[in-house]
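Atoms within a ligand are numbered from 1 in the order they appear, just like the ligands themselves. Since we're looking at a predicted model, the values are computed, not measured.
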Amino acid sequence: MNPNVLQTPIEYLKGVGPNRGELLRKELGIHTYQDLLNLFPNRYIDKTRFYKIKELQRNNADVQVLGKIIHLKTIDQKKGKRLVASFVDDTGKMELVWFRGQKWIRENLKINEPYVIFGRVNYYNGFSMPHPEMELLSTYEKKLRTAMQPVYPSTEKLAARGVTNKTTSNIIQQLFLETNGKFLDTLSPAILNELKLIPKSEALFNIHFPKSQELLAKSQFRLKFEELFYIQLQLISKNMLRKRKIKGYPFYQVGTFFNEFYNDHLPFELTGAQKRVIKEIRTDLGSNAQMNRLLQGDVGSGKTIVALMTMLLAIDNGFQACLMAPTEILATQHYHGLVALLIDMPITIQLLTGSTKTSKRKEIHADLQNGQLHILIGTHALLEDKVKFHNLGLAIIDEQHRFGVAQRSKLWHKNEQPPHILVMTATPIPRTLAMSLYGDLDISVIDELPPGRKSIKTVHRYDSNRLKVFQFIRDEIKKGRQIYVVYPLIQESEKMDYKDLMDGYESIVREFPMPDYQISIVHGQMKPADKNFEMNRFVKGETQIMVATTVIEVGVNVPNASVMIIESAERFGLSQLHQLRGRVGRGAEQSFCILMTSFKLSNDSKTRLETMVRTNDGFEIAEVDLKLRGPGDIMGTQQSGVLNLKIADIVKDNDILKLARQFALKLLKDDPTLAKEENQVIRFAYSQLMKYKNIWNYIS
Ligand code: ADP
Ligand code: MG
């Protein structure tokens, strides 16, 4: 069949027309025949089974019952009326209920005739079924039916405008009629054979009209594989193209600075994971291609030292390096940390943030341009156009998820030839998600914590136990430890949160009075200078308690702090809780994390708290987070479009994803431009996808 037919606007399909066409476009994003063909059912219902009324269960989902209506009545309710039918079979009685379309039903329903009804049952003083699908037994028997009935995605608006599941199914049937159900295959014979996949036409038919469970499973597998395969193909070829097209500065030398630091100044033995990652980075930097690497490592896994050693490689080769952090506190801390590590080495390093004074700023700009400055640390301020480098060879971004792709690309343009890029993130992304999201980045993982860390003990306490918690704080302070108390600050309700924070602060000041106790407070509404001042008092150990909002979340390093108390912990997301907890457990002492909540907890909150108490493993936590929130919510991935999956599920279809990636890699390695005869099927399908797939994303 001519593939262009599939690009026909949907309203031309018989049974659709302009009105429904408009509705389908708006509600489901269906613009063309192709889009409709790819509207895959969410689930299937087994309509081979008939239930008896007495068999119905309170939690029954969709059931099919054979019986008849013996009585019909209209009942007044607060708003409008409802139509209620008494429906019986030889075992019992239930009610059918309509809130809309009552006139039509009243006029058309036949009393005392056998009907097959289908729908979801409710239980309230007996069973009822709102808005059932109904068919006279006589009609039902005449129809050819498959065992599995698809249930299509729908919206309230579609339902209200009469586009029911049956309608959708019917127009898809029409589509198969008009196209003969013959579709070009989109995978090569080689792949079909190797994986024993069923042909495209067969898969599409059975996904909509399954002939059997077995064929349905095969169809699902084939279509999921295909979907993931083309995403991987796109990501991998983008990556390969970049490597081919975009030259990087080769850092051939592992020179004096790197070696001197490694031999004389490294304050500890590197972990195996750190060594491995540095090796991966060195390999990238030594090649002619530009590095674009994502470095994942749980909080406290020691990414900073890896960043430093990478910067030394740049300097060894005559280049400058920069490190960008999302907050001023974090940039400042990086700066001081790196200055301390580099103290005995002739390396120049500066800090540039929003609050850098103009005179200092001018000095930095000048030194940057004449090449005297080796390393620049800073916030977004680095991205300003005025900041020009002599020769930037490496840009490191800490805590990726706070920066967008746009900012990454701004760094790219800080130089004629883009610098090598290392993105560091402490929010572990499940590997599967990372592969899909950052398929165009190479990934390194630090999966080992420095030795001697005691794992943090985490407990969940209710607000009613506060006095005990205060006593615990007192004991820890007596031992010389420091404490964080963190309050949620969520933008929309900032004022209220701010009040919570101040109330909390006051109650802590009351409980821990001066001069025995000193307390710091840091929140987003403070001036940067005040924030720094308070932060520094805590870093220096002058205050024992730090009351803060989540500004403290990212990167701050105070090894003597051993207790993290998180107030209203039920309001935080999992990855945020994990980030916060990572602020403690950095010293030699046993550390604690106390999650304070009220008694009112949703199921999701309970799962989050239980997960935190159970494990310290950031990757495990990320997996749970992904399951709770779905990939769309994680790190604003909605925009990436990569996850706009039609049939595959990034979490559940992990194995298929791996397989798809493996096949895509193999294919592109063997035939990078898809020039070979046997790959023309894929080349064509891919070009069609590129041509049509994303258009509507931009428009709607
Ligand atoms: P993160 O990955 O969260 O940025 P950091 O780089 O801040 O972690 O490191 C956390 C702490 O662990 C720092 O105090 C750092 O000095 C220390 N550290 C890092 N690597 C090692 C190591 N190999 N052995 C011992 N301590 C280390
Ligand atoms: Mg860090």
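- Relative orientation of the H265 and F261 rings is tilted, given thresholds of 30° and 60° on the angle between their planes.
- Against a heavy-atom cut-off of under 4.0 Å, R586 is close to the following atoms of ligand 1: 3 (O), 7 (O), 10 (C).
- The main-chain N or O of K388 is never found under 3.5 Å from a side-chain atom of Q369 such that the two would form a donor-acceptor pair.
- For ligand 1, the atoms sitting less than 4.0 Å from at least one non-hydrogen atom of T304 are 4 (O), 5 (P), 6 (O), 7 (O), numbered in the order shown with element in parentheses.
- The shell of residues lying under 4.0 angstrom from ligand 1, judged by heavy atoms, excludes D398.
- Taking 4.5 Å as the limit, some side-chain heavy atom of L338 sits within range of a side-chain heavy atom of M311.
- Residue I305 places no N or O, backbone or side chain, under 3.5 Å from any N or O of ligand 1.
- Among P450, G587, S301, G585, the residue whose heavy atom lies closest to atom 25 (C) of ligand 1 is P450.
- Atoms of ligand 1 found under 4.0 Å from any heavy atom of L270, numbered from 1 in the order shown, are 23 (N).
- Neither the backbone nor the side chain of M424 comes within 4.0 Å of ligand 1, counting heavy atoms alone.
- Applying the side chain to side chain donor-acceptor pair (under 3.5 Å) test to every pair with at least one member in residues 535-546, sequence neighbours left out, gives these pairs: S520-T543.
- Close contacts of ligand 1 with D298, meaning ligand atoms under 4.0 Å from a residue heavy atom, involve 2 (O).
- Once rounded to the nearest 0.5 Å, the distance linking CG of L295 with CD1 of I281 reads 6.0 Å.
- By the 30° and 60° cut-offs, the orientation of the rings of F470 relative to F512 is perpendicular.
- Between Y249 and F319, the ring planes lie tilted relative to each other; the angle falls in the 30° to 60° range.
- Distances below 4.0 Å separate heavy atoms of E269 from the following atoms of ligand 1: 22 (C), 23 (N), 24 (N).
- Taking a cut-off of under 4.0 Å to the non-hydrogen atoms of T271, the atoms of ligand 1 that pass are 23 (N).
- Note that CG of L449 is 10.0 Å distant from CZ of R586, once rounded to the nearest 0.5 Å.
- Looking at G302, G297, P559 and measuring to atom 8 (O) of ligand 1, the nearest heavy atom belongs to G302.
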